[in-house]
> 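Below are the structure tokens for one structure; questions will follow.
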Amino acid sequence: MRAINISQPGGPEVLQIGEQPMPVCKAGEVLIKVQAAGVNRPDTLQRSGNYPVPPGASALPGLEISGEIIDGDFSNTTLKKGDLVCALVQGGGYAEYCTAPAATCLPIPSGLSMIEAASLPETCFTVWSNVFDRGRLNGDETFLIQGGTSGIGVTAIQIVAALGHRVFATAGSDEKCRACEALGAERGINYRTEDFVEVVKTATAGKGVDVILDMVAGDYIQRELTCLADDGRLVFIAMLGGSKAPINFGQVLLRRLTITGSTLRPRPVAFKAAIAAQLREKVWPLIEAKKIKPVIYKTFPLEQAAQAHTLMESNAHIGKIVLTI
């Protein structure tokens, strides 16, 4: 099969199209003929040598796909050959064929194209796991997403707003801020010209937000603690601004703040299966009702994966970048 291989750690140019052996299904897995594959920030980190592949996972990049099931282990599942699905995978998505745990396959929401469906798994699983499970967002609580026009950002804004919460989002330009607001954010905050702490505090009458989803870390951390309401939760999913920062733990103690974070890729299939069930029950109906829509910025054919990574790392995009096979 044709697939994208990482020839050595480095820049986008190390992504090379070539022939690779067909993947072989393990117990509980299905084989998918891939039609589209989402491009995500962890793919660029893996390419540069900064995101180790979990034991037993494919060394090929790609964490989310859509396509047709053509073979596999169908025991204890309702899946069958010919089903069209999107799936969260541990790797191997940049290829013509990819295996996926049956438990992390979800039906294509009605009305969506394969390209749109391929943009869903990695971001939806990540947002649900970190905002609602780990961050425990509930009731009438408020939410801030850092990087509102990233793939994670456009997904988080829409899911959280569709479930009735006030949403604030940071972005790097006024154009991107307006895009966040069009997706459901109450206020887009230009982090280059505005102080997100000041904007959020003003909008919440000094209270702050209950949950923050952050991909930056670094010198954002102390500001985010100030931005949280009492009993607030700060959830990290990346450290693009650095992994170390001075923190005033007095705020954590006095205001009962929670600092937490997670990575999705190495978690066991059973953990991801539980998220898949939640998504199918609570998010898929919102997608089919068009209350949440995939935001596709640009597509590239598989052999142009390097150009897709260049675009990803430019931060010029609003929404998702997808490879087509």
Side-chain angles (χ1 to χ4, degrees), residues 3-4 23 29-43 60-72 77-129 150-159 162 183 264-265 272-273 275-302 305 308 312 317-325:
I4 295 294
E29 292 184 339
V30 295
L31 179 63
I32 296 172
K33 183 177 182 181
V34 181
Q35 294 195 26
V39 177
N40 293 282
R41 186 71 62 173
D43 303 341
L60 302 178
L63 301 175
E64 59 182 352
I65 58 174
S66 66
E68 178 185 354
I69 295 176
I70 61 170
D71 201 359
T77 178
T78 58
L79 298 174
K80 61 184 184 302
K81 287 184 183 181
D83 282 352
L84 301 179
V85 298
C86 57
L88 183 74
V89 297
Q90 271 202 319
Y94 291 15
E96 291 181 315
Y97 296 89
C98 183
T99 56
T104 63
C105 293
L106 286 162
I108 306 294
S110 62
L112 294 195
S113 68
M114 282 293 186
I115 289 171
E116 291 172 319
S119 76
L120 296 175
E122 170 68 11
T123 53
C124 286
F125 275 74
T126 298
V127 168
W128 192 269
S129 172
S150 65
I152 293 290
V154 299
T155 302
I157 290 170
Q158 292 189 85
I159 292 177
L183 292 170
L264 182 61
R265 190 178 188 183
K272 297 171 185 175
I275 301 173
Q278 290 290 303
L279 292 175
R280 186 161 188 178
E281 176 188 350
K282 297 178 180 177
V283 175
W284 254 229
L286 296 173
I287 297 172
E288 294 186 335
K290 303 189 184 307
K291 294 181 179 179
I292 297 171
K293 61 179 182 179
V295 180
I296 309 300
Y297 184 76
K298 191 169 183 178
T299 65
F300 293 86
L302 180 65
M312 168 71 72
H317 59 292
I318 296 174
K320 294 285 292 193
I321 301 165
V322 178
L323 300 177
T324 58
I325 293 88

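Values in this document were obtained by computation on a predicted structure and should not be read as measured data.
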> Ignoring hydrogens and angles, tell me if any N or O in the side chain of Glu64 forms a donor-acceptor pair with the backbone of Glu122 under 3.5 Å.
yes

> Please confirm whether the backbone N or O of Arg265 pairs with a side-chain atom of Gln90, one donor and one acceptor, at under 3.5 Å?
yes

> Would you check if Phe125 and Leu106 make a side-chain contact, meaning some heavy-atom pair closer than 4.5 Å?
yes

> Search all heavy atoms of Ile108 against all heavy atoms of Met114 and return the closest pair with its distance.
CD1-SD, 4.0 Å

> Within the distance-only criterion (no hydrogens, no angle test), does the side chain of Glu288 pair as donor or acceptor with the backbone N or O of Ser110 below 3.5 angstrom?
yes

> Set out, in order, the CA-CA distance, both residues' side-chain angles and the distance that settles side chain to side chain contact (heavy atoms under 4.5 Å, CB included) for Phe300 and Val39, then state yes or no.
CA-CA 10 Å; Phe300 293 86; Val39 177; over 6 Å; no

> Please confirm whether the backbone N or O of Ala100 pairs with a side-chain atom of Thr104, one donor and one acceptor, at under 3.5 Å?
no

> Could you check if a side-chain atom of Ile32 sits within less than 4.5 angstrom of a side-chain atom of Cys105, using non-hydrogen atoms only?
yes

> Could you tell me which non-hydrogen atom of Ala95 sits nearest to which non-hydrogen atom of Ala3, and how far apart they are?
CB-CB, 3.6 Å

> How close do Pro294 and Glu116 get, heavy atom to heavy atom, and via which atoms?
CG-CB, 3.7 Å

> With heavy-atom distances below 4.5 Å as the criterion, would you say the side chains of Leu88 and Ile275 are in contact?
no

> How far apart are the C-alpha atoms of Tyr94 and Val34, what are their side-chain angles, what is the distance that settles it, and do they pass the side chain to side chain contact (heavy atoms under 4.5 Å, CB included) test?
CA-CA 9 Å; Tyr94 291 15; Val34 181; over 6 Å; no

> When you measure from the side chain of Gln158 to the backbone N and O of Lys293, does any donor-acceptor pair fall under 3.5 Å?
yes

> For the residue pair Leu60 and Ile4, establish whether any side-chain heavy-atom pair is separated by less than 4.5 Å.
no

> Under the side chain to side chain contact (heavy atoms under 4.5 Å, CB included) rule, what do Leu279 and Leu120 come out as? Steps first, then yes or no, please.
CA-CA 10 Å; Leu279 292 175; Leu120 296 175; over 6 Å; no

> Give me the atom names and distance for the closest heavy-atom approach of Pro301 to Leu323.
O-CD2, 4.1 Å

> Which heavy atom of Ile287 sits nearest to which heavy atom of Pro109, and what is that distance?
CG2-CB, 3.8 Å

> I need the single residue from Thr155, Thr123, Thr299, Val295 that forms a side-chain contact (heavy atoms from CB on, under 4.5 Å) with Lys320. Which is it?
Thr123

> Taking the side chain as every heavy atom from C-beta outward, state whether Leu286 and Ile159 have any atom pair closer than 4.5 Å.
no

> Got Ile325 and Gln35 here, is their nearest side-chain heavy-atom distance under 4.5 Å?
no

> So do Ser119 and Ile296 actually touch side chain to side chain, heavy atoms under 4.5 Å?
yes

> I need the Glu96 CD to Leu302 CG distance, nearest 0.5 Å.
7.5 Å

> Does Thr126 offer a backbone N or O that forms a donor-acceptor pair with the side chain of Ser129 under 3.5 Å?
no

> Go through it in stages, so that I can follow the logic: the residues are Lys80 and Ile69, the test is side chain to side chain contact (heavy atoms under 4.5 Å, CB included), and I'd like the CA-CA distance, side-chain angles, deciding distance and then a yes or no.
CA-CA 7 Å; Lys80 61 184 184 302; Ile69 295 176; over 6 Å; no

> Taking atom SG of Cys86 and atom CD1 of Ile115, what is their separation to the nearest 0.5 Å?
14.0 Å

> Is there a side-chain contact between Leu31 and Pro23, using heavy atoms and a 4.5 Å cut-off?
yes

> Hey, what do you get for CG (Leu84) to OG (Ser66), rounding to the nearest 0.5 Å?
9.0 Å

> State the NZ-CG distance between Lys272 and Leu264, to the nearest 0.5 angstrom.
5.5 Å

